Amino acid sequence: MATAGNSRRAVGVGLLCCCLWTVTLAAVTTPNPTIIVKEGESAELQCSYSSDFTSPRVEWKFVNKDQETSFVFYDGSLTAPYKDRAIPYPQGITLKQITRKDAGEYSCEVTSTGSKTLYGEAKIQLQVIVAPSKPVAQVPRSVSTGSVAELLCVENDGYPPPTFIWYRNKSPMQIAPQNSTYTIDPKTGVLKFAAVSTSDSGEYYCEATNNQGKQASDLVRMDVQDVNVGGIVAAVVIVLLILALIGFGMWFAYSRGYLDRKENKKVIYSLPSETRSDKNFQQTSSFLV
C-alpha cells in the first residue's frame, strides 16, 4: 500500500513538473515602446511575435495613471469601451480620437497552446500631449504674522508637465527674488512664505503653462493678521485675578469656619409623669434641633 501511494505521488509530481516545463517564453516585441500623440489624434499600437506561436491568442490590456487595469482586446474582440474608437488587426490596434484618459501603459500578451505553451509580452507607453486643465489654487484664507504659509497650485492633466507661476493682486511674482520672504518652485507650483507679514495680504492665483497652452486658477484672498499681544496679556491678567479672588474667598471662608462648622443635635428625654400608671407608662422624648 505504501509503495502504491508513493507511486501515485511520484506520478503527480511528474505531471506537475511536466506542465511547468512546457511553459516557454517566446519573443513578443514592439517597434515603438513609447508613443507620443496629441489629444484628438490616432495612435498605432503595434505588436509582433515569432512564428513559434501556433494559433496565437492575442490580448491587449491597459493600465491608466491610477494603476487601474482593463482589457482593450479580449477573446478575439474589442471590449465595450473601445468598440467605436479602435480598429484591431493581426499585429496591432489603432486607437482613434485619443483623449488624456488614454495615457498610460498598454500590454500586448500573446499565448499559444499545443505540444508546449508559449507566452510573450510587450509593453507600450502612450503619452498624450495636452494643454493643462484649470489649476486649483490652495491658499490659506487667514494666517498670523510671522507664521509659515504654503500655497499650492494643483494641476494633473497637462503633458508635457506644466510649469507654474503665481500672481499677487494680478501682478506676477518673481521666481527667486532677492531678500524676499518667499520662494516659488516652478515645477511643483509651491509658493512658500518663511514668515508672512501684513504686506503679504492680497488676492492670489496661479497659472499652469506648457507648449500646448496655459490655464489660470480662480482668485483666492489671503489675509495676514497681526498677533494681538495686548489682548493676550489682558486675558492672562484677568484669569490670574479671577484665580486670586477664588483663592481669597476660600481662605476667608475657612478662617471664619464657614466650611467646616457642623451643627450639633441635642436630645432631651422627659421623665414619665408620676400620675401615669405603670400600665400606661410610655417613654416620651422630644428632639430639639
Side-chain angles (χ1 to χ4, degrees), residues 32-45 62-70 72 81-82 84-86 94-106 124-143 147-178 180-225:
N32 298 311
T34 301
I35 299 175
I36 302 176
V37 296
K38 292 183 178 181
E39 192 170 29
E41 295 182 346
S42 298
E44 295 286 339
L45 310 180
F62 171 56
V63 181
N64 63 16
K65 293 189 296 184
D66 296 326
Q67 300 302 307
E68 298 171 338
T69 303
S70 60
V72 179
Y82 296 91
D84 297 329
R85 52 185 301 264
T94 300
L95 295 179
K96 301 182 295 182
Q97 295 295 315
I98 293 291
T99 70
R100 63 193 68 189
K101 293 182 179 180
D102 294 319
E105 181 182 81
Y106 292 80
I124 300 173
Q125 292 292 333
L126 178 62
Q127 299 174 353
V128 181
I129 297 176
V130 60
S133 59
K134 184 176 181 178
V136 176
Q138 298 181 356
V139 179
R141 299 287 182 158
S142 179
V143 291
S147 62
V148 176
E150 191 171 86
L151 287 66
L152 305 179
C153 189
V154 181
E155 196 284 328
N156 297 317
D157 293 328
Y159 189 86
T163 56
F164 300 92
I165 188 172
W166 278 92
Y167 291 80
R168 179 170 57 196
N169 297 327
K170 299 184 180 180
S171 296
M173 302 176 70
Q174 297 181 24
I175 298 297
Q178 294 182 350
S180 177
T181 60
Y182 71 83
T183 57
I184 297 177
D185 188 334
K187 293 183 179 180
T188 62
V190 176
L191 166 59
K192 186 173 183 179
F193 291 90
V196 293
S197 62
T198 53
S199 62
D200 294 320
S201 294
E203 293 182 333
Y204 289 81
Y205 73 92
C206 63
E207 191 175 78
T209 305
N210 67 7
N211 57 13
Q212 298 299 303
K214 61 183 179 180
Q215 287 277 5
S217 71
D218 292 329
L219 284 169
V220 183
R221 181 169 183 81
M222 182 177 74
D223 289 318
V224 181
Q225 301 175 349

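This is a predicted model, so every value here is computed, not measured. The first residue in the sequence is number 1, and the count goes up from there.
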Nearest heavy-atom neighbours spanning G189 and W166: O-NE1, 3.1 Å
Before you tell me yes or no, could you show the steps for F193 and L151 under side chain to side chain contact (heavy atoms under 4.5 Å, CB included), namely the whole-Å CA-CA distance, both residues' side-chain angles and the distance that decides it to 0.1 Å? CA-CA 8 Å; F193 291 90; L151 287 66; 4.0 Å; yes
Tell me the closest heavy-atom pair linking D157 and V130, and the distance in Å. O-CG1, 3.1 Å
Who pairs with I36 by side chain to side chain contact (heavy atoms under 4.5 Å, CB included), at least two apart in sequence or on another chain? T34, Q127, I129
Among residues two or more places apart or on two chains, list those pairs meeting salt bridge (Lys or Arg N to Asp or Glu O under 4.0 Å) that have a residue in residues 192-216. R168-D200
How long is the straight-line distance from OG of S70 back to OH of Y82, given to the nearest 0.5 Å? 4.5 Å
Output for pair (C206 SG, I184 CD1), nearest 0.5 Å, gives 10.5 Å
Could you state the interatomic distance from OG1 (T69) to CG (D66), rounded to the nearest 0.5 Å? 11.0 Å
Rounded to the nearest 0.5 Å, the CD atom of E44 sits from the CG atom of L95 at a distance of 8.5 Å
How close do A137 and V220 get, counting heavy atoms only, and between which atoms? O-CG2, 3.9 Å
Show your reasoning for whether side chain to side chain contact (heavy atoms under 4.5 Å, CB included) applies to I165 and T163. CA-CA 7 Å; I165 188 172; T163 56; over 6 Å; no
If I compare all heavy atoms of Q215 with all of S133, which pair ends up nearest, and what's the gap? CB-O, 3.5 Å
Working note: I98 + K38, criterion side chain to side chain contact (heavy atoms under 4.5 Å, CB included); need CA distance, chi angles, decisive distance, verdict. CA-CA 8 Å; I98 293 291; K38 292 183 178 181; over 6 Å; no
For V190 and E150, run side chain to side chain contact (heavy atoms under 4.5 Å, CB included): C-alpha distance rounded to whole Å, both residues' side-chain angles, the deciding distance at 0.1 Å, then the answer. CA-CA 7 Å; V190 176; E150 191 171 86; 3.7 Å; yes
Measuring from I35:CD1 to L45:CG, what's the distance to the nearest 0.5 Å? 5.0 Å
Quick one: salt bridge (charged side-chain N to carboxylate O under 4.0 Å, His left out) partners of E39, sequence neighbours excluded? R100
Which residue pairs pass the salt bridge (Lys or Arg N to Asp or Glu O under 4.0 Å) test when at least one of the two sits in residues 126-135, sequence neighbours left out? K134-D218
State the CE-OG distance between M173 and S180, to the nearest 0.5 angstrom. 7.0 Å
Any side-chain heavy-atom pair of P132 and N210 under 4.5 Å: yes
Any residue meeting salt bridge (charged side-chain N to carboxylate O under 4.0 Å, His left out) with D223, in chain and number order, not counting sequence neighbours: R221
Minimum heavy-atom separation for A149 and V143, please, with both atom names. CB-CG1, 4.4 Å
Who are the ring-ring contact (aromatic ring centres under 6.0 Å, His included) partners of Y106, not counting sequence neighbours? F62
Classify the ring geometry between Y167 and Y205 as parallel (under 30°), tilted (30 to 60°) or perpendicular (over 60°). parallel
Where N169 and S201 come nearest, the two heavy atoms and their spacing: ND2-O, 4.1 Å
Would you mind reporting whether V37 and L126 have side-chain heavy atoms less than 4.5 Å apart? yes
